[in-house]
Amino acid sequence: MAERRVRAGDGRPLDPYRWWQALGRSTFAITLPGANGSTSVFTVDVRQWGDRDDGEVRARLYRDGALDAVSRLPA
């Protein structure tokens, strides 16, 4: 069911996290090893008050700083 909410990302870069965003934005990051021995940093970015465009709360998945996937919550 949740798979239908996931959309491919467009590769845009992750916006820097600013200290004043602490109440309305959360980011979680983890570094994972790849199959070929390299590592990738995966970051989930959530704006709790919703997007500026439509107010919908979405989780964005970034791989090495590039947007990889977007999903409405719960993801």
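Note that the coordinates shown come from a computational prediction; the quantities given were computed from them, not determined experimentally.
Follow the hydrophobic side-chain contacts under 4.5 Å out from L23 and you never reach V46; the two are in separate clusters. Two different hydrophobic clusters hold V57 and V6 under the rule that ILVMFWY side chains link at heavy-atom gaps under 4.5 Å. Put simply, L73 and F42 are part of the same group of oily side chains (I, L, V, M, F, W, Y) that touch within less than 4.5 Å, one to the next.
You'll find the side chain of Q21 stays beyond 4.5 Å of the side chain of D15, heavy atoms only. Two residues are said to be in side-chain contact when any heavy atoms from C-beta on lie closer than 4.5 Å; V41 and Y62 fail this criterion. The shortest distance between side-chain heavy atoms of R60 and D51 falls below 4.5 Å.
For the atom pair L61 CG and D45 CG, the distance stands at 10.5 Å (nearest 0.5 Å). Taken from CZ in R25 to CZ in R18, the straight-line distance is 9.0 Å, to the nearest 0.5 Å. In this structure, CG on D64 lies 9.0 Å from OG1 on T31, to the nearest 0.5 angstrom. Between I30 atom CD1 and S40 atom OG the span is 11.5 Å, to the nearest 0.5 Å.
Put simply, the residue from R12, R63, R7 that forms a salt bridge (Lys or Arg N to Asp or Glu O under 4.0 Å) with D68 is R63.
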Under the salt bridge (charged side-chain N to carboxylate O under 4.0 Å, His left out) rule, what do D53 and R58 come out as? Steps first, then yes or no, please. CA-CA 12 Å; D53 302 336; R58 293 183 178 87; over 6 Å; no
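Nearest heavy atom pair, residue G11 against residue A66, reads O-CB, 3.8 Å. Across all non-hydrogen atoms, the minimal contact from A29 to T43 is CB-OG1, 3.7 Å.
Salt bridge annotation for D54-R72: absent, with no cationic side-chain nitrogen under 4.0 angstrom from a carboxylate oxygen.
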